[in-house]
Asks: 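The structure follows.
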Protein chains: 2
Amino acid sequence: MDEHAPADHPTKTRIKPGQYVIISLRRMIAEGRLKPGERIGEVATAEALGVSRMPVRTALRTLETEGLVVRLGARGYAARAITASEIHGAIEVRGVLEGLAAHRLARRGLTASEEREFRTCLSQGEAIFADGAFGNGALDLFYTYNLAFHALLVDASGNPSIGAALTRNNQLPFASAAALALDWSDRPSEYEHLLSAHRDHCNVVDAIARRDDDAAERLMREHAWAAVRGEKVFERISASRPAG
Amino acid sequence: MDEHAPADHPTKTRIKPGQYVIISLRRMIAEGRLKPGERIGEVATAEALGVSRMPVRTALRTLETEGLVVRLGARGYAARAITASEIHGAIEVRGVLEGLAAHRLARRGLTASEEREFRTCLSQGEAIFADGAFGNGALDLFYTYNLAFHALLVDASGNPSIGAALTRNNQLPFASAAALALDWSDRPSEYEHLLSAHRDHCNVVDAIARRDDDAAERLMREHAWAAVRGEKVFERISASRPAG
DNA sequence: AGTTCAATTTATGGATCCAATGTCAAGAGT
DNA sequence: ACTCTTGACATTGGATCCATAAATTGAACT
């Protein structure tokens, strides 16, 4: 995992500077440390992160395509205001895309190996909650399991455009499926949220197995909102964001 | 196009190397001069285009986000092989995304100005077919009208993630809504296809107006296949080059 | 003869340097 | 006093150079 210390690392870092700059800027924007409309200069960011201008330049172009920053003409870039409505919309888009994946899978049926993969994945999730206890290790386990389930669903759907669209869509904070265990990581008491997410997974696989495509799609659409059930997330968003 | 060192050229015909590389690579891929799966090296492309490696690097990253090239690990990039199955999938994705936009609009209802915009747009489409004759000018008119309708739908939905995801998705040939009038442009006899597409638009707007969200979504999903109705397109695809 | 390990080569990623462009400010003229 | 013009500065975009990592090929050993 990445440490969230910007300039704390010594000169030798195992993570590549390019990825480091991208995830740093993402965190800064998501946490509101870069306020909306605030200008982001290449040189300033490069010096602040202790890297050269080059990874900053590429990172800003990447973040521009992802919509997290906007260009200010020849005046550099600026952090874009991320509203709760936009996160709401991104979750909605993820719902229909993963819903389409579930629909396709239910419609064409699972092969024997695919069904085995799904059952193996679900059993791994089951093992996490079978322990009853829920330490930090279990949270990491759930993070991996959750990502594996969603990746398996999208991958098995046989439509690469779904995965491509999801990759772009998931760059907004709280929009990705990883937000389930990632953004709640400071609250170990959210046991029920993660358990209900696991139950959602089981229900989706059951619907796929019995070839109920509409049910599978509907379940998957509703499951997209698992990360923000409890709606406290949006309070955190609107708190970190001034006026847009 | 070619610059002969004009001292004070009034128009900004100065082509920047970055844009030049991007449009050159797009043309090469579209025209098949870069065959699918063919490896694209930075140095080779830079020397071929007479620029440095830097604009090629940024251009390849941009084209990667657009989905036209894929990474070959640390072995550079490759022109993406576009199969008929991928186009099928991209159309499917466009269907669910625009279906989501229609669903949202029907659920929250149209404002007076939005309804007026939709009616104005539809009447423009109606005017094209009211003439009966269908020359090349009418084809251009339909192209503009079709794009305007889809843009209006996505824009009015109030979910910017839908438009962002569609922008990426529409990079594949025949996946965009523009493919309706663009890729059929050599067949003026396809009058019925375009007319049925216009009827689809009208039906979607009617469903939205009567607040039938499920019908609006379903109609919009089915409408995504309007460009490939008749399935001759896929034969042209499997003939390895769509447009020339 | 096949497989594995190591070394070399090649290509991408990063850093620094240079050029071009746009903006801001200050001064002068009307 | 206001506006226009010009010059200086800051910032992005491009090019070249260097390091690192991966792949391929060759040789040696089993």
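The chains referred to below are lettered A, B, ... by the order of the sequence lines, with proteins before strands, and numbering in each begins at 1.
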Asks: Got a sec, which residues hit ring-ring contact (aromatic ring centres under 6.0 Å, His included) with B/Tyr145, two or more places apart in sequence or on another chain?
Replies: B/Phe142, B/His198, B/His201
Asks: Using a 4.0 Å cut-off on heavy atoms, which residues in residues 43-50 of chain B reach DNA chain D? List them by number, or say none.
Replies: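 Contacting residues: none.
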Asks: If you look only at pairs with a residue in residues 36-47 of chain A, which of them pass as a salt bridge (Lys or Arg N to Asp or Glu O under 4.0 Å), with sequence neighbours excluded?
Replies: A/Glu42-A/Arg53
Asks: Keeping the roles fixed (side chain from A/Glu66, backbone from A/Leu63), state whether a donor-acceptor pair exists under 3.5 Å.
Replies: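 It does not hold such a pair.
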Asks: Starting at the 5' end of DNA chain C, which residue's closest nucleotide do you reach first, B/Glu42 or A/Met54?
Replies: B/Glu42
Asks: Using a cut-off of strictly less than 4.0 Å, decide whether A/Arg39 has a side-chain nitrogen or oxygen near OP1 or OP2 of D/dT12.
Replies: yes
Asks: Check each of A/His223, A/Arg221, A/His150 against A/Glu98 using the side chain to side chain donor-acceptor pair (under 3.5 Å) test, and report the only one that passes.
Replies: A/His150
Asks: Looking only at atom types and distance, does a side-chain atom of A/Ser176 sit under 3.5 Å from a main-chain N or O of A/Leu172, one as donor and one as acceptor?
Replies: no
Asks: Reading DNA chain C 5' to 3', how would its secondary structure be written in dot-bracket notation, given Watson-Crick and G-U pairs with both distances under 3.5 Å, brackets [ ] for crossing pairs and | for partners on other strands?
Replies: ||||||||||||||||||||||||||||||
Asks: Using a cut-off of 6.0 Å, state whether more than 12 heavy atoms not belonging to A/Arg108 lie near its atom CZ.
Replies: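 Yes.
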Asks: Base, sugar-phosphate, or nothing for B/Gly18, non-hydrogen atoms under 4.0 angstrom?
Replies: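 The answer is sugar-phosphate, as B/Gly18 gets under 4.0 Å only of primed atoms, P, OP1 or OP2.
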Asks: Measure the distance from CD on B/Gln19 to P on D/dG13 and round it to the nearest whole Å.
Replies: 10 Å
Asks: To the closest 0.5 Å, what do you measure between CE (B/Met28) and CD1 (B/Ile23)?
Replies: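 Rounded to the nearest 0.5 Å, the CE-CD1 separation comes out at 11.0 Å.
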Asks: Applying salt bridge (Lys or Arg N to Asp or Glu O under 4.0 Å), which residue pairs with at least one partner in residues 78-87 of chain A are found, sequence neighbours left out?
Replies: A/Arg80-A/Glu86
Asks: Taking side-chain hydrogen bond (donor to acceptor under 3.5 Å, both in side chains) as the definition, give me every residue that meets it alongside B/Arg104, ordered by chain and number, with sequence neighbours left out.
Replies: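 For B/Arg104 the side-chain hydrogen bond (donor to acceptor under 3.5 Å, both in side chains) partners, ignoring immediate neighbours, are A/Glu92.
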Asks: Given atom CZ of B/Arg57 and atom C1' of D/dA15, what is their separation to the nearest angstrom?
Replies: 11 Å
Asks: Rounding to a whole Å, what distance do you find between A/Arg61:CZ and D/dG13:C1'?
Replies: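 About 9 Å, once rounded to whole Å.
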Asks: So what does A/Arg75 hit on the nucleic acid, given a heavy-atom distance under 4.0 Å: a base, only sugar-phosphate, or nothing?
Replies: sugar-phosphate
Asks: With nearest nucleotides of DNA chain C determined for A/Arg53 and A/Pro17 from heavy-atom distances, which residue corresponds to the more 5′ nucleotide?
Replies: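 Upstream on the strand: A/Pro17.
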Asks: Rounded to the nearest angstrom, tell me the gap between atom CZ in A/Arg71 and atom C1' in D/dT12.
Replies: 9 Å
Asks: Check the distance between C/dG22's C1' and A/Leu72's CG and give it to me in whole angstrom.
Replies: 13 Å
